[in-house]
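Quick note: numbers below take in every heavy atom, side chains included, and nothing from hydrogens, waters or symmetry partners. Order of the sequence lines fixes the chain letters, A, B, ..., with proteins taken first and strands second; residue numbering starts at 1 for each chain.
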Number of protein chains: 2
Amino acid sequence: MQNPRPEPLTGPVRILIDAHGGDHAPGVVLDALTLVLAREDLAGVSFGLVGIEEVIAPSLRERGLDDQVQLVPSQDVIEMGDSPAVAVRRKKNSSIHVGVRKIRDGEWDALVSAGNTGALMAISKLILKTITGIDRPAIASLIPAEKGTRTLFLDVGANVDCTSDHLVQFALMGSCYMQTAENLPSPRVGLLNIGSEDIKGTDVVKVAANELAESPIEFIGNVEGTDLFSAEVDVVVCDGFVGNIALKTMEGTARFLADNMKNALLSGMRAKLGAWLARPALNRFKDRVNPSRYNGAPLLGLNGVVVKSHGSADASGLANAIGVAHREIREGLISRINEIMAQWHAS
Amino acid sequence: MQNPRPEPLTGPVRILIDAHGGDHAPGVVLDALTLVLAREDLAGVSFGLVGIEEVIAPSLRERGLDDQVQLVPSQDVIEMGDSPAVAVRRKKNSSIHVGVRKIRDGEWDALVSAGNTGALMAISKLILKTITGIDRPAIASLIPAEKGTRTLFLDVGANVDCTSDHLVQFALMGSCYMQTAENLPSPRVGLLNIGSEDIKGTDVVKVAANELAESPIEFIGNVEGTDLFSAEVDVVVCDGFVGNIALKTMEGTARFLADNMKNALLSGMRAKLGAWLARPALNRFKDRVNPSRYNGAPLLGLNGVVVKSHGSADASGLANAIGVAHREIREGLISRINEIMAQWHAS
């Protein structure tokens with residue numbers, strides 16, 4: 001592990017976006033750039049697009065974005081189906097490789113990619129290394145919760161086997177994220193388990209709970225799957241196997257219910273009229289739980305800001321992921337994680 | 001392990017119900033008895049109620065059920081907060097203990113309880129033992145899926161740490177259940193994982209996948225959290241830690257979405273009018289996904305039929321759980337699991 005302590009930011013924030021990741025690239029990436037260039041909270045941010053010049057340059061010109069967005073050329077493209085090992089070794093001039101090297105070299109402050117998650121994580125870990133005290137980076141996901149709050153849920157897929165030390169590190173990073181990027185003074189952190197009692201769960205989870213009870217963060221103990229949407233917890237920690245399955249179960253449940261409800265509301269004139277009248281209210285509800293509003297999964301624990309956008313995200317979702325990267329940089333998240341890990345290891 | 005091979009049923013089916021389990025006992029249990037006594041598909045079934053005589057007898061008389069329901073007296077009550085170990089050792093005359101002994105002794109064919117899950121499993125395992133070839137019983141849950149299908153999901157909480165052998169046994173039992181109790185000729189079985197590719201997941205899951213590929217059941221490989229509601233899979237297998245978290249995540253997601261939608265539909269006159277018009281359609285939708293319709297989790301792998309009803313189930317839900325027990329007995333599920341395990345070990 002190397003540990004260049006990032007300095008607080010003084011110049012303008014510089015965010016690099018992967019032109020080739022995701023199901024709808026590069027069109028959706030260009031749409032997202034148009035959106036973020038118009039956003040007031042992102043005024044003054046420099047945007048770059050890393051990708052194959054012949055593909056990207058004409059599109060940038062066509063949309064009149066070529067003088068506002070810097071093109072960073074790359075040669076290869078990592079496909080969604082490439083194994084991380086192959087992507088790491090054989091595609092060293094891919095947009096992800098080039099982008100991550102630019103972060104390491106300090107030329108850009110963050111990389112946002114909707115590409116192959118495993119490859120993005122493997123390449124980022126190899127090139128950026130982890131923060132001292134962090135053995136493995138985690139992927140975190142912000143999910144909507146009761147009373148307009150949000151819950152940070154990690155790890156959602158980077159690490160299938162975790163020790164209790166890994167879970168403790170995820171908890172510290174998650175607390176730090178919610179404190180720094182979401183401005184919560186004392187985020188409440190829970191361990192995902194199958195019951196709230198101490199005696200429940202695997203040995204790994206029990207040991208992690210004991211360690212977290214001694215840690216400086218606000219650890220509230222075990223939480224269950226039903227608590228992921230609770231306003232009483234801000235960070236929920238588990239290994240990447242459980243987290244990925246829980247996150248996809250959420251997606252599946254929401255889709256199943258939405259499909260069934262839609263069918264019900266199309267079943268006959270009376271239901272259709274009711275649905276038409278209720279539509280503005282239903283649209284506000286859909287907007288509130290729209291995954292695109294919560295898009296942008298930070299890869300936490302790296303020596304650099306890398307944010308994963310969902311492969312199927314639309315332009316507004318990708319713009320949100322860019323906003324996530326911006327907050328991380330502006331609030332100095334990496335310095336803060338460095339500090340909390342140093343304190344934890346000194347104690 | 002002992003292995004009394006159950007004979008195909010000839011006499012009437014006899015189902016014993018725990019009077020004391022769950023949040024609304026014993027009232028909801030008496031309501032459920034009234035419901036099942038009126039059900040045509042359960043005509044001819046003998047029902048028993050195991051519980052404290054002084055508490056139960058007057059209620060049975062009051063409702064005019066005393067000549068249709070046999071009272072099986074017990075002394076103790078296991079509370080929802082009792083640890084399984086304490087329940088097993090200290091409450092040997094509880095309704096669960098007495099009920100499970102009656103199953104072992106062949107006086108009754110099944111026990112349905114809404115009580116403490118851990119205690120119900122521990123006592124059942126101790127007294128009934130497991131079927132030869134099954135190391136650990138699992139708790140299975142039927143969930144609604146696309147196109148009106150149902151998915152059997154197991155283990156949803158009995159075993160936090162599982163070996164690949166355990167997962168293989170769950171898969172065989174799950175296949176057998178859907179074949180026998182749900183009449184599917186060749187149930188499609190998937191392993192819950194974080195990706196559909198072979199290289200994904202924990203070592204335990206990878207080894208289980210290899211073994212299942214050689215098994216006589218219709219193994220379709222890895223499935224993801226989003227596939228739990230798919231019409232393309234009939235049985236989804238995982239360890240009890242992951243399964244319990246996924247099941248509770250489903251519950252939490254459904255509740256969160258329902259609460260938000262309800263609030264949206266109450267926001268203003270237009271939305272309220274729309275909701276009123278759409279209400280019959282929305283009620284059909286609610287009925288379709290109503291957890292009470294899917295209540296009744298079989299404890300699979302025991303030498304006897306034990307079904308767990310959700311602690312918060314209403315009378316209609318508990319009646320469903322009784323129906324689950326009835327199907328298991330009528331279709332000779334335990335003999336079938338015995339057969340498939342004997343074939344598996346002979347091969």
Part of A/R255 within contact of chain B (heavy atom distance under 4.5 Å): side chain

Any side-chain heavy-atom pair of B/L167 and B/L212 under 4.5 Å: no

Close side-chain approach of B/V237 to B/V189, heavy-atom, < 4.5 Å: yes

Side-chain touch B/V223/B/L191, heavy atoms, less than 4.5 angstrom: no

Option in A/G268, A/G157, A/C238, A/P144 with maximal non-hydrogen atom pairs under 4.5 Å from chain B: A/P144

B/S316 vs B/S292, side chain to side chain donor-acceptor pair (under 3.5 Å): CA-CA, chis, key distance, verdict: CA-CA 7 Å; B/S316 136; B/S292 127; 3.0 Å; yes

Heavy-atom side-chain proximity of A/K286 to A/N290 below 4.5 angstrom: no

Close side-chain approach of A/I143 to A/R150, heavy-atom, < 4.5 Å: no

Portion of A/F241 that has a non-hydrogen atom of chain B nearer than 4.5 angstrom: both

Residues B/K206, B/N210; criterion side chain to side chain donor-acceptor pair (under 3.5 Å); working and verdict: CA-CA 6 Å; B/K206 286 183 210 166; B/N210 286 336; over 6 Å; no

Most chain A-contacting option - heavy-atom pairs closer than 4.5 Å, from B/T202, B/V205, B/N263, B/V242: B/T202

Which atoms of A/P280 approach chain B - backbone, side chain, both or neither, heavy atom under 4.5 Å: side chain

Part of A/A145 within contact of chain B (heavy atom distance under 4.5 Å): backbone

Best-contacting candidate, B/L228, B/N283, B/N260, against chain A by heavy atom pairs under 4.5 angstrom: B/N260

Largest heavy-atom contact set with chain A, pairs under 4.5 Å, which of B/E251, B/M250, B/K200: B/M250

Residue A/R270 versus chain B: region with a heavy atom under 4.5 Å: both

Greatest number of heavy atom pairs closer than 4.5 Å to chain B - which of A/G240, A/G201, A/G243, A/A258: A/G201

Heavy-atom pair count under 4.5 Å with chain B, highest-scoring of A/S230, A/G118, A/S267, A/G252: A/G252

Contact leader toward chain A among B/D227, B/I194, B/D203, where contacts are heavy-atom pairs under 4.5 Å: B/I194

Shortest non-hydrogen contact between B/A231 and B/K147, atoms and distance: CB-CD, 4.1 Å

